Undergrad: 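Could you have a look at this structure, given as structure tokens, before my questions?
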Amino acid sequence: MSRTNPAETTETTDSTEQTDGRTVSTTAGETVEETRPEWTDYDADGETKLAVENLNVHYGDDHALKDVSMEIPEQSVTALIGPSGCGKSTFLRCLNRMNDRIRGARVDGTVELDGEDIYQDGVDLVELRKRVGMVFQNPNPFPKSIRENISYGPRKHGDIETGLLARLTGRAEPERESNLVERSLKRAALWEEVNDRLEDNALGLSGGQQQRLCIARCLAVGPEVILMDEPASALDPIATSKIEDLIEDLAEDYTVVVVTHNMQQAARVSDQTAVFLTGGELVEYDDTDKIFENPESQRVEDYISGKFG
Ligand SMILES: Nc1ncnc2c1ncn2[C@@H]1O[C@H](COP(=O)(O)OP(=O)(O)OP(=O)(O)O)[C@@H](O)[C@H]1O
């Protein structure tokens with residue numbers, strides 16, 4: 001996998017900028033060298049699942065993400081770390097166009113999923129979000145039974161028929177539904193804990209169980225990529241450890257991208273780590289071991305050693 005990052009030229013209106021990799025002088029309207037830090041030119045092992053090129057996000061006048069380019073390899077865990085407000089969640093939401101839902105948000109640049117730009121006209125957002133699922137910080141199961149939490153998505157997408165109409169018309173597929181529920185809960189390491197109470201309300205589960213249920217719900221629609229925004233930050237250490245084990249396990253089959261504030265967690269679970277710093281800039285992207293043991297950027301070293309952030 002490779003991304004060519006020559007000294008492309010862009011128009012800019014900023015004054016002098018200092019980045020980690022390159023110092024560039026820019027004058028309003030002048031054509032100048034691209035300011036992308038060289039330490040983001042990371043060539044991961046494996047096939048590229050998501051390729052992000054020159055991604056910029058504005059919320060009104062606020063420039064939340066600045067010219068971010070990176071490639072995310074398939075079947076691996078990519079961690080996004082950085083101080084509060086640096087744009088991690090914004091970046092994550094760009095990967096399945098969740099920012100489209102935010103009024104005033106403007107996204108420029110390209111995001112390719114298996115080589116297809118997800119921002120081009122005519123992309124089916126429902127289909128995209130099936131392929132690129134999302135798990136949020138606070139577990140948010142539906143106030144329904146454990147079983148229904150899993151079957152709701154596939155039923156809505158027409159992948160299985162289980163509703164009242166299907167039952168009345170004899171089209172119901174109870175066996176397929178049961179298999180899907182069991183398979184999804186097993187894959188999310190929850191089956192053993194809930195298989196004798198599938199009709200119970202999901203809100204009666206512990207926080208950690210609810211989060212694994214949300215992961216099972218995401219898996220039930222057959223995603224290829226799973227985006228996780230601080231999936232364990234609301235959980236106790238034991239529940240957190242189960243989620244971390246699950247993340248590592250899921251990477252055998254899925255491409256996982258996880259935002260975390262917890263640097264130890266990023267170091268434990270991820271294969272590669274992207275460090276964003278204040279101002280919405282991707283400062284360094286590399287193998288997780290390299291980022292934590294020997295980062296190239298002084299700013300990343302300072303952040304990781306707790307000097308700021
Ligand atoms: N819906 C929104 N409307 C307006 N501005 C937003 C919105 N979401 C994020 N922002 C702004 O964009 C910038 C980046 O926010 P974002 O939530 O992506 O950062 P973050 O690194 O994920 O932060 P945290 O770690 O605190 O969750 C911030 O200045 C934030 O205020």
Side-chain angles (χ1 to χ4, degrees), residues 14 17 19-20 35-37 39-40 50 52-70 72 77-109 111 118-119 125 129 132-140 207 211 214 225-235 240 243-244 247 256-270 272-286 288 291-292 295 297 299-300 302-309:
D14 289 345
E17 292 181 20
T19 70
D20 267 300
T35 58
R36 189 187 305 158
W39 295 315
T40 63
L50 287 156
V52 177
E53 194 73 35
N54 297 114
L55 188 68
N56 283 276
V57 179
H58 289 82
Y59 297 109
D61 293 336
D62 182 13
H63 197 171
L65 267 190
K66 295 198 183 107
D67 217 21
V68 173
S69 296
M70 64 186 275
I72 295 173
V77 181
T78 302
L80 311 178
I81 64 170
S84 201
C86 67
K88 306 177 295 293
S89 300
T90 295
F91 179 80
L92 196 73
R93 288 196 300 263
C94 286
L95 303 181
N96 73 347
R97 295 190 50 177
M98 291 290 276
N99 284 317
D100 288 18
R101 297 175 172 201
I102 298 175
R103 256 175 96 92
R106 197 180 88 227
V107 179
D108 301 298
V111 177
I118 67 170
Y119 281 87
L125 292 186
R129 291 177 190 143
V132 185
M134 192 146 192
V135 175
F136 299 90
Q137 178 170 12
N138 291 310
N140 58 350
Q211 192 62 305
C214 291
V225 179
I226 305 171
L227 310 176
M228 297 186 172
D229 198 348
E230 305 248 20
S233 65
L235 306 178
T240 295
I243 296 285
E244 289 185 5
I247 290 173
V256 182
V257 187
V258 58
V259 165
T260 178
H261 267 120
N262 180 332
M263 283 194 261
Q264 286 84 2
Q265 182 171 84
R268 279 193 296 266
V269 305
S270 70
Q272 50 277 332
T273 296
V275 189
F276 289 77
L277 291 178
T278 310
E281 188 192 346
L282 171 62
V283 177
E284 192 160 341
Y285 178 41
D286 212 325
T288 294
I291 292 285
F292 285 97
S297 158
R299 291 160 73 201
V300 170
D302 289 349
Y303 174 66
I304 283 171
S305 60
K307 286 194 189 143
F308 77 94

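The figures that follow rest on heavy atoms only: side chains count, while hydrogens, waters and symmetry mates do not. We count ligands from 1, going down the list as the structure has it; atoms in each ligand are counted the same way. If you're wondering where the values come from, they're calculated on a predicted model, not measured in any experiment.
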Undergrad: Just jot down the ligand 1 atoms closer than 4.0 angstrom to any heavy atom of Arg93, in number order.
TA: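 Going through ligand 1 atom by atom, the ones under 4.0 Å from Arg93 are 8 (N).
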Undergrad: Nearest to atom 25 (O) of ligand 1, what protein heavy atom do you find, and at what distance?
TA: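 Minimum-distance protein heavy atom for atom 25 (O) of ligand 1 reads Lys88 NZ, 2.7 Å.
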Undergrad: Over all heavy atoms of both residues, which pair between Gln272 and Tyr285 is shortest? Give the atoms and the distance, please.
TA: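 Heavy atoms of Gln272 and Tyr285 come nearest at CG-OH, 3.6 Å.
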Undergrad: What residue and heavy atom of the protein are closest to atom 19 (O) of ligand 1, and at what distance?
TA: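 Among all protein heavy atoms, the one nearest atom 19 (O) of ligand 1 is Gly87 N, 3.1 Å.
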Undergrad: Would you check if Tyr59 and Asn99 make a side-chain contact, meaning some heavy-atom pair closer than 4.5 Å?
TA: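 Yes; the side chains approach each other to less than 4.5 Å.
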Undergrad: Students should be able to answer this: which protein heavy-atom is nearest to atom 1 (N) of ligand 1, and at what distance?
TA: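 Answer for atom 1 (N) of ligand 1: Ile102 CG2, 3.4 Å.
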Undergrad: Within the 4.0 Å heavy-atom shell around Thr90, which atoms of ligand 1 are there?
TA: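 In order of numbering, the contacting atoms are 14 (C), 15 (O), 16 (P), 18 (O).
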Undergrad: Taking only heavy atoms of Ala64 into account, list the atoms of ligand 1 that are under 4.0 Å away from them.
TA: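 Those qualifying, in numeric order: 12 (O), 13 (C).
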Undergrad: Between Thr288 and Ala267, which heavy-atom pair has the shortest distance, and what is it?
TA: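 Residues Thr288 and Ala267, closest heavy atoms: CG2-CA, 3.7 Å.
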Undergrad: Number the atoms of ligand 1 from 1 as they appear, then name those within less than 4.0 Å of a heavy atom of Pro83, with their elements.
TA: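 Those qualifying, in numeric order: 21 (O).
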Undergrad: Using every non-hydrogen atom in the two residues, find where Ile81 and Ala266 come nearest and quote the distance to one decimal.
TA: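 Heavy-atom minimum between the residues: CG2-CB, 3.7 Å.
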Undergrad: Which residue and atom name correspond to the protein heavy atom nearest atom 9 (C) of ligand 1, and how close is it?
TA: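 Atom 9 (C) of ligand 1 sits closest to the protein heavy atom Tyr59 CE1, 3.5 Å.
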Undergrad: To check your reading of the model: name the closest protein heavy atom to atom 26 (O) of ligand 1, its residue, and the distance in Å.
TA: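 So the nearest neighbour among protein heavy atoms is Ser84 OG, 2.5 Å.
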Undergrad: Going by the order shown, which atoms of ligand 1 are within less than 4.0 Å of some heavy atom of Asp62?
TA: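 Atoms satisfying the 4.0 Å criterion: 11 (C), 12 (O), 29 (O).
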Undergrad: What protein heavy atom lies closest to atom 14 (C) of ligand 1? Include the residue and the distance to one decimal.
TA: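 Sorting protein heavy atoms by distance from atom 14 (C) of ligand 1 puts Gly85 O, 3.4 Å first.
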Undergrad: In the protein, which heavy atom is nearest to atom 17 (O) of ligand 1, and how far is it?
TA: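 In this structure, atom 17 (O) of ligand 1 has Ser89 CB, 3.9 Å as its nearest protein heavy atom.
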Undergrad: Tell me if a side-chain donor or acceptor on Asn54 pairs with a main-chain N or O of Gly109 at a distance below 3.5 Å.
TA: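 Not at all, since once roles are kept as given, no pair shorter than 3.5 Å links the two residues.
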Undergrad: In the structure I gave you, are the side-chain heavy atoms of Ile243 and Leu235 within less than 4.5 Å of one another anywhere?
TA: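 They are in side-chain contact.
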Undergrad: On the 0 to 90° scale, with breaks at 30° and 60°, tag the His63-His58 ring pair as parallel, tilted or perpendicular.
TA: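 Parallel, since the angle between the ring planes stays under 30°.
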Undergrad: In Å, rounded to the nearest 0.5 Å, how long is the span from CG of Asn56 to OG1 of Thr90?
TA: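 That separation rounds to 12.0 Å.
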